Amino acid sequence: MAMGMLNAPAINTSKSTFTLNFAGVPNISNAHNGIPIQFPRIRRRKFFQRCEVSTDSRTEGGKLKRTLLDNASNFLTNFLSGSRIGSMPIAEGAVSDLFGKPLFVSLYDWFIEHGSVYKLAFGPKSFLVVSDPIVARHILRENAFAYDKGVLADILEPIMGKGLIPADLDTWKPRRKAIVPGFHAAFLEAMVKVFGDCSERTVKKLEAMLLTTQDDKTKHVEIDMEAEFSSLALDIIGLCVFNYDFGSVTRESPVIKAVYGTLFEAEHRSTFYIPYWKFPLARWLVPRQRKFHEDLKVINDCLDNLITTAKATRQEDDIEALQGRDYSKVKDASLLRFLVDMKGEDVDDKQLRDDLMTMLIAGHETTAAVLTWAVFMLAQNPDKLVKAQTEVDTILGQRKPTFECVKKLQYIRLIIAEALRLYPQPPLLIRRALKPDTLPGGYKGDKDGYSISQGTDIFISVYNLHRSPYLWDNPHKFEPERFLVPKDNKDIEGWAGFSPYRSQGALYPNEVISDFAFLPFGGGPRKCVGDQFALMESTVGLAMLLQKFDLELKDSPESVQIVTGATIHTKNGLWCKIKRREGL
Ligand code: HEM
């Protein structure tokens with residue numbers, strides 16, 4: 001995924017328009033090649049889901065084509081799994097497929113072929129793939145403490161330490177208890193103002209670019225929209241979580257570069273099969289590992305400074321008093337302030353730093369991706385765009401959104417939800433069984449369920465759940481209105497169906513409303529702590545963009561391919577124009 005922006009030279013002569021490039025990546029194979037860019041130009045991709053497979057000519061005369069490597073891999077799988085697989089369907093992945101399209105797309109094909117619980121075997125590696133709401137509910141909520149983050153924790157621990165996402169259960173419990181109250185209503189209300197101020201910076205930047213094309217009609221600018229949203233989300237997370245202004249919408253800095261460098265490395269590690277960075281001297285001998293440790297040091301130093309300053313000005317209070325502060329007046333309303341001031345929470349600096357680092361990473365790319373996908377879908381659906389703009393005009397006019405406005409911007413929130421349904425970030429939730437368990441069989445699965453052993457690695461495919469033909473009508477269609485009507489499937493035993501009436505007043509169609517068919521923020525005790533925050537932030541960002549700009553499809557949607565996460569490109573890398581709305 002590109003972190004890019006204005007690739008200046010012009011091809012488009014249309015008046016006062018930009019071409020939005022949602023990738024900056026002309027094709028898959030050169031995703032890591034340098035394209036000239038101006039801001040913190042570090043290429044990065046989603047670290048959660050980066051395992052790639054390709055579709056390239058897997059079939060020959062309708063039969064699966066396997067290479068020698070595939071056969072060897074499958075032999076190894078059968079040999080190693082022995083009789084333990086029982087009645088569970090097995091999808092034998094072709095190792096030769098490990099490059100190309102994202103893994104979660106292949107997992108979908110195998111879901112349709114093998115059912116909602118199957119075992120994916122790649123040579124000595126095997127994963128259980130779950131695409132069923134009842135089984136997901138069992139793992140995430142009903143028996144949640146029988147699982148930890150497994151592979152994901154291995155990858156993220158060097159970066160996030162014992163932060164909430166990779167944390168083992170003993171570390172996680174007290175930290176979760178301390179952090180959740182920090183996202184209280186008064187905090188969120190104050191943060192809506194920050195979302196508005198930061199989004200305004202992005203809008204002004206786009207307007208300034210537009211002006212340059214007005215003066216010189218031959219001039220054309222390309223914008224990598226995901227990079228813009230990424231800068232916006234980084235600025236927001238910095239200010240809201242630790243009262244630090246990265247200012248990344250308008251400038252670059254060593255800290256910003258280090259953040260992207262770290263994300264890039266996390267992604268690299270999630271796709272590299274041999275954990276060479278664990279070798280004793282790798283840290284000093286391998287240049288990219290040296291750079292990674294330098295980047296980590298830059299961020300850690302920055303966070304340590306912020307923690308030291310916050311602790312030096314500590315004003316201890318109990319939770320109720322902290323939540324009762326007048327957040328519209330306090331100088332520092334950040335989550336760090338809350339965590340430091342919390343009575344009885346004498347948390348050590350290292351743990352605080354891990355918590356902040358986790359939120360910095362967890363709450364940044366995810367938001368940028370959903371905003372990018374939302375704009376991408378709106379450009380392809382002009383009728384929905386008009387509907388969204390009408391809502392924005394009615395509720396906001398030319399004002400910035402308030403907390404109350406966000407509640408009223410129902411259609412914008414549904415657009416965000418629908419973008420998260422079609423393109424969930426992350427598309428897979430990863431778990432490892434801490435003890436033996438028996439999973440429900442799932443739709444069309446074994447009635448007696450499936451016994452799994454300790455150490456079993458599991459992918460809960462959020463992508464499959466969100467696009468399951470058994471759970472949704474027209475699952476691949478962009479239809480924000482779907483969330484307003486109930487949906488049931490009596491064939492799925494134990495699934496309560498989707499009902500918007502189940503949790504009235506919720507900001508988005510959560511896992512209760514959907515009974516675990518819609519899990520953009522996960523579910524159960526390890527559900528995202530920032531779900532409300534993220535939803536409000538995305539709503540404000542999208543509403544303020546639509547307040548000022550129109551989007552126009554430039555290329556046919558058929559030519560758009562998914563590379564990963566929010567990285568999209570057309571054949572020529574360009575697909576949509578943005579222009580200032582008439583009459584503004
Ligand atoms: C659109 C934006 C976001 C999406 C789609 C998202 C998604 C998720 C998901 C799916 C999980 C559960 C992971 C699992 O069960 O393995 C999660 C966990 C988490 N998220 Fe988010 N997130 C977003 C924004 C944020 C923000 C803004 C923050 C913080 C300010 C945040 C902080 C966290 C933390 C700390 C966890 C770990 C919770 C725990 O294990 O107790 N996220 N997120």
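For ligands, and for the atoms within them, numbers begin at 1 and follow the listed sequence. Note that the coordinates shown come from a computational prediction; the quantities given were computed from them, not determined experimentally.
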For Ile165, the ligand 1 atoms with a heavy-atom partner under 4.0 Å come out as 36 (C), 37 (C)
Closest non-hydrogen contact found for Ser334 with Leu239 is CB-O, 3.9 Å
Numbered atoms of ligand 1 (with element) below 4.0 Å of Pro426, judged on heavy atoms: 10 (C)
What do you reckon, are the aromatic ring centroids of His466 and Phe104 less than 6.0 Å apart? no
Tell me whether Lys149 reaches ligand 1 (any heavy atom closer than 4.0 angstrom to a ligand atom). yes
With a 4.0 Å heavy-atom cut-off (strictly under), which part of Phe183 contacts ligand 1: side chain, backbone, both or neither? side chain
Between the side chains of Ser230 and Tyr260, does any donor sit under 3.5 Å from an acceptor? yes
Can you list the atoms of ligand 1 that are under 4.0 Å from a heavy atom of Arg431? 14 (C), 15 (O), 16 (O)
If the cut-off is 4.0 Å to any non-hydrogen atom of Gly363, which atoms of ligand 1 fall inside it? 24 (C), 25 (C), 26 (C), 27 (C), 28 (C)
Hey, is ligand 1 close enough to Arg526 that some N/O pair sits below 3.5 Å? yes
Carboxylate-amine/guanidinium proximity below 4.0 Å for Lys384 and Glu481: yes
Min N/O separation Trp172 to ligand 1 under 3.5 Å: yes
Looking at Pro427, Gly524, Pro520, Cys528, the heavy atom closest to atom 10 (C) of ligand 1 belongs to Pro520
Looking at Ala534, which atoms of ligand 1 are within less than 4.0 Å of one of its heavy atoms? 1 (C), 2 (C), 24 (C)
Main-chain N/O of Leu465 paired to Trp472 side chain as donor or acceptor, under 3.5 Å: yes
Element-labelled atoms of ligand 1 that are located less than 4.0 Å from some non-hydrogen atom of Gly522: 10 (C)
Considering Met536, Gln425, Lys527, which one's heavy-atom position lies nearest to atom 5 (C) of ligand 1? Gln425
Going by the atom numbers of ligand 1, which of them fall below 4.0 Å from some non-hydrogen atom of Val529? 32 (C), 33 (C), 34 (C), 35 (C)
Just jot down the ligand 1 atoms closer than 4.0 angstrom to any heavy atom of Phe533, in number order. 27 (C)
Side-chain donor-acceptor pairs under 3.5 Å in residues 145-158, sequence neighbours left out?
from, atom 1, to, atom 2, distance (Å)
Tyr147, OH, Asp437, OD2, 2.6
Asp148, OD1, Gly150, N, 3.0
Lys149, NZ, Ile165, O, 3.2

Ring centroid separation Phe246 to His364 under 6.0 Å: no
If we only consider heavy atoms of Leu335, is any one of them less than 4.0 Å away from an atom in ligand 1? no
Is Arg176 close to ligand 1, meaning an N/O of one under 3.5 Å from an N/O of the other? yes
Does the distance from a Lys or Arg side-chain N to an Asp or Glu carboxylate O, for Asp354 and Arg175, drop under 4.0 Å? no
Residues in ring-ring contact (aromatic ring centres under 6.0 Å, His included) with Phe521, at least two apart? Tyr508
Aromatic ring pairing Tyr423/Phe376, orientation class (parallel under 30°, perpendicular over 60°, tilted between): perpendicular
